[in-house]
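These notes are about the structure you will find just below.
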Amino acid sequence: AQKITQTQPGMFVQEKEAVTLDCTYDTSDPSYGLFWYKQPSSGEMIFLIYQGSYDQQNATEGRYSLNFQKARKSANLVISASQLGDSAMYFCAMREGPSGGYNKLIFGAGTRLAVHP
Amino acid sequence: EAQVTQNPRYLITVTGKKLTVTCSQNMNHEYMSWYRQDPGLGLRQIYYSMNVEVTDKGDVPEGYKVSRKEKRNFPLILESPSPNQTSLYFCASSLTGGRNSPLHFGNGTRLTVT
């Protein structure tokens, strides 16, 4: 079974508009971390934002925010005021388990975002 | 600048010719890992290391070797590359292997084996 599901293979948005990229996850462990990464066409993998399962507040980093709905097991990425440079592949990922020890990072299949001028 | 540095960025080689992809991080991270990324298969973990001299297999370790003799370095060795190892490779590190520790990735190595 897929641990991380990103149902939108591709999305487009107009420049300066906000966009939400969906992510749902599957775990029975109460302790986990959720991450979003950006992969531009140049290929590098850039860490954007982190949300812990016990965090009470939604995470924010500049124009990125994470809409964390624990009961629904969703962790959607919201990009506000889209810019042309936001065009990229976006991956949702999860690490589950205790904070000590080893927890593998599991990735979703990704969503390709295109920002139109 | 805090970063993960992997080299080379691009590599074209022939079947059977041993190669090493280097990876170094300057953040004093305990945990390091190698991934490969292939169309339709996503990102798959090859090997990981929890600390110096501690390495373990990921999901797709066959055909690869690693070593962790120093905390900062985690090279990936292909003793006898084959065409099915053509892929985009990423080295990554995090402060710990724990759930709240983001992985930071290098810029990737595009390997082509002919």
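Throughout, protein chains are lettered first and strands after them, A, B, ... in sequence-line order, and every chain is numbered starting at 1. Small disclaimer: the values here were computed from a predicted structure and weren't measured.
Using cut-offs of 30° and 60° for the angle between ring planes, the B/Phe105 and A/Phe107 rings count as perpendicular. Taking the six-membered ring where tryptophan is involved, the planes of A/Tyr50 and A/Phe35 are tilted, since the angle between them lies from 30° to 60°.
Residue B/Arg9 touches chain A through its side chain alone, counting heavy-atom pairs closer than 4.5 Å. If you measure heavy-atom distances from B/Leu103 to chain A, the contacts under 4.5 Å come from both the backbone and the side chain. Contact annotation for B/Ser33: neither backbone nor side-chain heavy atoms come within less than 4.5 Å of a heavy atom of chain A. Contact annotation for B/Glu30: neither backbone nor side-chain heavy atoms come within less than 4.5 Å of a heavy atom of chain A.
A salt bridge links A/Lys104 and B/Asp59; the closest N-O separation between the charged side-chain nitrogens and carboxylate oxygens is under 4.0 Å.
No more than 12 heavy atoms of other residues, nucleotides or ligands lie within 6.0 Å of CD in A/Gln57, so this atom counts as exposed by the packing criterion.
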